[in-house]
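Following: one structure in structure tokens, then a few remarks.
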Protein chains: 2
Amino acid sequence: MTRMRVVLVDDHALMRQGIRTILSAHPDLEVVGEAASGEEAIDVVLSTRPDVVCMDVEMPGIGGLEATRRLVANPDVTAHVLMLTTFEREDYLLAALDAGASGFLLKNARPEHLVYGVRSVAAGEALLAPELTRAVIERAVAQERGESAAGPAGAVPESLTEREVEVLRLLAQGLSNDEIAEKLLVGRSTVKTHVSNVLMKLALRDRVQAVVFAYRSGLVG
Amino acid sequence: MTRMRVVLVDDHALMRQGIRTILSAHPDLEVVGEAASGEEAIDVVLSTRPDVVCMDVEMPGIGGLEATRRLVANPDVTAHVLMLTTFEREDYLLAALDAGASGFLLKNARPEHLVYGVRSVAAGEALLAPELTRAVIERAVAQERGESAAGPAGAVPESLTEREVEVLRLLAQGLSNDEIAEKLLVGRSTVKTHVSNVLMKLALRDRVQAVVFAYRSGLVG
DNA sequence: AGGGGCCTCCGTCCCCAGACGGAGACGCCT
DNA sequence: AGGCGTCTCCGTCTGGGGACGGAGGCCCCT
């Protein structure tokens, strides 16, 4: 495979330099451009045609959200957007996914996580910061806004109940329904109900995918 | 739960200090003793009764392997041994498990990995350095030595073939047998055969546990 | 007093997964 | 030439997983 082309967008030159340094350590990644604002980002992306755009949320002028919205709306742009932010805020996450971002990471993520994120997003996969995914799962997220807006791939998990998270954790250890039932001191049928609810809420097909989700989201691991 | 008591064994004081610093950052871990040789280690363990012993392999006098052997043979010792070494050598790994170690990590492991390892071993779980587990899986390990010696829990995976590793990787993405078959351009029956072989060789029950194994071993994730 | 959410449980149905046994083709090594 | 290991594929059979519908008890909120 050819190298993945990356564009960095951040109003802080130091942050761009830091990300560039991290990505440069990996031969399959190539930083082909930088921008310091949302407006500039659009120009740079159009001229460099990257696979991934690492986009800061907080920027003067049009921020990362609006820039992302314009990029994904442009049919000439094939890049996937990986959103970066300093703040662990779920509303940012939802807004970013709404704007069409493919991934969402915190800036305090470990370098390997960033690299992994860039690769994942380039491959068209979705990616969420473990810290936030866990929060979204464990806490009840206010989702009352009907908002029938074009939710592309979404995959934003509805809130799981405490019990469901508990079941998911055991499931992700490789336990069968019977074993989970024994651990939780409930009936096998109850466990099956919980598992079914988890799969439905997370839009997964079977328990195998649930294990994958648990590991990727940082719920276990 | 009470704090986990840890003893550090290494002939290099600097290394002990480094590990101590890392572990001290975690309030659930408490370093209760240090030793600079295998002989001293046994004395210290007997007097401090730790939950975990972080044991260097390479030491003058009786090395970490022999010290471990003597510790686990002693009925008064309840501690689990986490083996540490600088060198990525499979023979060390096998010897360490043979000696009765519960875990095996490289010294260049990230601090969080070490902490995670101490906790895992304290809980009685097995732990292998991802770098080595991957190697053990992917490469064919010369296992012709029948060696009917008392293999305690072992769980040392036999070698998987290339194809089997390939199947395991896809399996660990959450794919069904049919989907894997499509990706590999083979029949569904073939995939089932490979999956069965993987489960047998790794002593796992079903594909769910295979996914867990793949993540924990570092094969994917 | 009602309603809604969560946890609990039941039964039925269907399908995938995995075990098991057997088999042919190919390449490598002796 | 023969043996071995890998990859390929087939059949059958059993068990568990998951969907679906229904149900009762509990607690909290209005």
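Note that the coordinates shown come from a computational prediction; the quantities given were computed from them, not determined experimentally. Just so it is clear: chains get the letters A, B, ... in the order the sequence lines come, proteins before strands, and each one is counted from 1.
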Which donor-acceptor pairs under 3.5 Å do the side chains of residues 71-78 of chain A make with protein atoms, sequence neighbours left out?
from: N74(A); atom 1: OD1; to: D76(A); atom 2: N; distance (Å): 2.8

For S196(A), the side-chain hydrogen bond (donor to acceptor under 3.5 Å, both in side chains) test, sequence neighbours excluded, returns none

With sequence neighbours left out, the residues meeting side-chain hydrogen bond (donor to acceptor under 3.5 Å, both in side chains) with R188(A) are D178(A)

Taken in chain and number order and not counting sequence neighbours, the residues that satisfy side-chain hydrogen bond (donor to acceptor under 3.5 Å, both in side chains) with R163(A) are E166(A)

The bend of the helix from dA1(C)-dT30(D) to dT30(C)-dA1(D), taken between the axes of its five terminal pairs at each end and rounded to 10°, is 40°

Taken in chain and number order and not counting sequence neighbours, the residues that satisfy salt bridge (charged side-chain N to carboxylate O under 4.0 Å, His left out) with D28(A) are R119(A)

note: E162(B), atom CD; dG27(C), atom P; distance rounded to Å ~ 16 Å

Heavy atoms of A25(A) and P27(A) approach each other most closely as O-CD, 3.7 Å

Residues at least two apart in sequence or cross-chain that pass salt bridge (charged side-chain N to carboxylate O under 4.0 Å, His left out) with E66(A), listed by chain then number, are R69(A), R70(A)

Residues passing the side-chain hydrogen bond (donor to acceptor under 3.5 Å, both in side chains) test with R49(B), sequence neighbours excluded, are none

Given protein heavy atoms under 4.0 Å, the one-letter contact record of nucleotides 8-21 of chain D, with B base, S sugar-phosphate only and - none, is simply BBB------BBS--

